[in-house]
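A quick note: this is a predicted structure, and the numbers were derived from the prediction, not measured.
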Amino acid sequence: MGSSDKLFNRQRSLHQILGGCFGTLFAWVVFEISGYTLLSLVSSVFFLLFTILFLWAKSAAILNRPAPPLPHLYLSEEMVNQAACFIRSHINMLLSVSENIALGKDTDMFVKVSGGLLLISVLGSLTDFLTLGYTSLVIVLTVPALYEKYEDRVDTYVLMAYRKLRQLHYKFDAVCVSKVPRFNLEEKKLS
């Protein structure tokens, strides 16, 4: 199976991309056994980091040693402008897509968004947030391992299904969607 037959044309295995078993095991131990939440973990890590750096700097001053090597932490105006432009362009793209959906210009995107929102609504009505979180965690921990074990078969079948769905989409578009008469409100106003 060539590299072009891999999903997303990736070169490394999924196991390598996700950091191997150690990252998953460490995350599970930290969050499940210790009882930490994400916010408490981040807070504890920053507290430990600041304490170590503070004690290092104070002891360095007393012992005539160099202070801890820290880069100058500074956010330039150019970086902020670039981040703002990046965020603005993505928000404008989202608003443009939303406008096209609302005006009926993009049927495919309407179907995709509607399907996604329907799926979220159904999942939300079937379970509460905690159960959904645990189920998602089980899926995140098992699916990559199963995928890595049967990677070649899964890639073959997913690519076959993708091609078949694309053919069905083109057929549906040619038979049904293209036959729907499209009218323009501007033309009706001018008449």
Got a second to check how far Leu141's CG is from Leu146's CG, nearest 0.5 Å? 11.5 Å
Out of curiosity, Met109 CE to Ser114 OG, how far, rounded to the nearest 0.5 Å? 11.0 Å
Flag yes if Val158 and Tyr150 sit in one hydrophobic cluster, no otherwise; membership is Ile, Leu, Val, Met, Phe, Trp, Tyr, and two members link when side-chain heavy atoms are under 4.5 Å apart. yes
What's the separation between atom CD1 in Ile87 and atom CG in Asn92, rounded to the nearest 0.5 Å? 12.0 Å
Are the side chains of Tyr147 and Asp155 in contact, using a 4.5 Å heavy-atom criterion? yes
Here the pair of heavy atoms bringing Ile139 nearest to Pro144 is O-CD, 3.7 Å
Decide yes or no for Arg166 and His169: does some side-chain heavy atom of the first lie under 4.5 Å from some side-chain heavy atom of the second? no
Are Val97 and Val113 grouped together when hydrophobic residues (ILVMFWY) are joined by side-chain heavy atoms under 4.5 angstrom apart? yes
Look at the rings of Phe46 and Phe50 and say which category their plane angle falls in: under 30° parallel, 30 to 60° tilted, over 60° perpendicular. parallel
Cluster overlap Ile101 with Leu117, hydrophobic side-chain contacts below 4.5 Å: yes
Taking all non-hydrogen atoms of both residues into account, name the closest pair between Ala60 and Pro66 and its distance. CB-O, 3.4 Å
Separation between CE (Met79) and OH (Tyr74), nearest 0.5 Å, reads 10.0 Å
Would you say Leu49 and Trp56 are hydrophobically clustered, going by side-chain heavy atoms of ILVMFWY under 4.5 Å? yes
With rounding to the nearest 0.5 Å, note down the distance linking NZ in Lys171 to CD in Gln167. 7.0 Å
Leu53 CG to Leu48 CG distance, which is reported to the nearest 0.5 Å: 9.5 Å
